[in-house]
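These notes concern the structure reproduced below.
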Amino acid sequence: MKKVLRHKKRKVTNNNIYLLVGLGNPGEKYESTRHNIGFSFLDSYSKQIQCPILDTKFDSYYGNFSKDGNKILLLKPQTFMNESGLAVKKAKNFFKINDENIIIIYDDLDLQVGQIKIKFSGGSGGHNGLNNIIEKIGSRDFWRLRVGIDKPQDREQTIEYVLGKPSPQENE
């Protein structure tokens, strides 16, 4: 009797494409709020490297550039924060991007204003945008760039705080 060998289907991915995702909420109402620090970070970075984020695709604004043989895609999902995973999944699948080549930039209440921490893999820390990304792409194995926004003294004011605009001192 002949033994049948079954081969596992391997996902084809691109090792030289990177996805930088700034999280935020679309619309004027949320522009420049603490919760949109991911958008602000990418806007600042895109100006610095002269790569506009103007094209629309993947339910997002995006731009891309090449550096050292790598393609880097800058993505600002235009879904609301808690549905960011939809846009990330669309871009990831279209370009066949490895999970470990994804970097999510978002606000973090547990860090002091302006403090930055980089971490690979792990949970969401209660961040709804990250929760949705983990759910939609089916993985926790991506990079996180956490940008500190501090937290309000009164925990009951958290929603108003994150959706509020930072002071001029915080913006610095």
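Heavy-atom basis, side chains included; hydrogens, waters and symmetry copies ignored. Just so you know, these numbers come straight off a predicted model, no measurement behind them.
Counting only residues at least two apart or on different chains, the salt bridge (Lys or Arg N to Asp or Glu O under 4.0 Å) pairs with a member in residues 68-85 are D43-K76. Sorted by first and then second residue, the side-chain hydrogen bond (donor to acceptor under 3.5 Å, both in side chains) pairs with a member in residues 45-55 form an empty list; sequence neighbours excluded. For the salt bridge (Lys or Arg N to Asp or Glu O under 4.0 Å) condition, the pairs that include at least one residue of residues 138-149, sequence neighbours left out, are D108-R146. Sorted by first then second residue, the side-chain hydrogen bond (donor to acceptor under 3.5 Å, both in side chains) pairs that include residues 128-138, not counting sequence neighbours, are S124-N131. For residues 25-41, the set of pairs meeting the salt bridge (Lys or Arg N to Asp or Glu O under 4.0 Å) definition, not counting sequence neighbours, comprises R34-E170. Within the structure, the salt bridge (Lys or Arg N to Asp or Glu O under 4.0 Å) test picks out the following pairs touching residues 147-169 (sequence neighbours left out): D110-K151.
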**OP:** Start with the C-alpha distance between L163 and N25, add both sets of side-chain angles, then the distance that settles side-chain contact (heavy atoms from CB on, under 4.5 Å), and finish with yes or no.
**Re:** CA-CA 9 Å; L163 296 177; N25 283 314; 4.2 Å; yes
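Applying the side-chain hydrogen bond (donor to acceptor under 3.5 Å, both in side chains) rule to Q153 yields no partners; only residues at least two apart in sequence or on another chain are considered. Under the rule for a side-chain hydrogen bond (donor to acceptor under 3.5 Å, both in side chains), T158 has no partner lying at least two apart in sequence or in another chain. Considering only residues two or more places apart in sequence or on other chains, H127 meets the ring pair (Phe, Tyr, Trp, His ring centres under 6.0 Å) condition with H35, Y106. Partners of Y61 under the ring pair (Phe, Tyr, Trp, His ring centres under 6.0 Å) rule, at least two apart in sequence or in another chain, do not exist in this structure. The side-chain hydrogen bond (donor to acceptor under 3.5 Å, both in side chains) check on N36 picks up nothing, with sequence neighbours excluded. With sequence neighbours excluded, the residues satisfying ring pair (Phe, Tyr, Trp, His ring centres under 6.0 Å) with F94 are F58.
Of all heavy-atom pairs between P166 and S32, the closest is CD-O, 3.3 Å. In terms of heavy atoms, Y62 sits closest to T56 at CE2-C, 3.8 Å. In terms of heavy-atom proximity, I97 sits nearest to A91 at CD1-O, 4.0 Å.
Once rounded to the nearest 0.5 Å, the distance linking CG of L20 with CG of L145 reads 8.5 Å. One finds the CG atom of L19 at 11.5 Å from the CG atom of N98 (value rounded to the nearest 0.5 Å). With values rounded to the nearest 0.5 angstrom, W143 atom CH2 is found 11.0 Å from K119 atom NZ. Rounding to the nearest 0.5 angstrom, the gap separating the CG atom in L73 from the CG atom in N101 is 12.0 Å. The CG atom of N82 sits 12.5 Å away from atom CG of L130, with the distance rounded to the nearest 0.5 Å. Atom CG of N16 is separated from atom CZ of F95 by 11.5 Å, given to the nearest 0.5 angstrom.
The closest side-chain heavy-atom distance from K117 to Q115 is below 4.5 Å. The closest side-chain heavy-atom distance from P77 to F39 is below 4.5 Å. Side-chain contact between L74 and C51: present, with at least one pair of heavy atoms (C-beta onward) separated by less than 4.5 Å. Residues S121 and F142 fail the side-chain proximity criterion, which asks for heavy atoms closer than 4.5 Å. Within the 4.5 Å cutoff, side-chain heavy atoms of L23 are placed close to those of I133. Counting only heavy atoms from C-beta outward, the side chains of I137 and K89 approach each other to under 4.5 Å. Residues M81 and D107 have side chains in contact (heavy-atom distance under 4.5 Å, counting atoms from C-beta outward).
L75 and I118 fall into different hydrophobic clusters, where Ile, Leu, Val, Met, Phe, Trp and Tyr residues are linked whenever their side-chain heavy atoms come under 4.5 Å apart, directly or through other members. When hydrophobic clusters are built by joining Ile, Leu, Val, Met, Phe, Trp and Tyr residues whose side-chain heavy atoms come closer than 4.5 Å, directly or via intermediates, Y18 is not grouped with V21. Hydrophobic clustering of Ile, Leu, Val, Met, Phe, Trp and Tyr side chains at less than 4.5 Å, counting indirect connections, unites F41 with I103. Under a hydrophobic-cluster definition in which Ile, Leu, Val, Met, Phe, Trp and Tyr are linked whenever side-chain heavy atoms come within less than 4.5 Å, directly or via other members, I116 and L42 are assigned to the same cluster. At a threshold of 4.5 Å between side-chain heavy atoms, the hydrophobic network of Ile, Leu, Val, Met, Phe, Trp and Tyr places I17 and F65 in two separate groups.
Note: Y30 and F80 have perpendicular aromatic rings, judged against thresholds of 30 and 60 degrees for the angle between ring planes.
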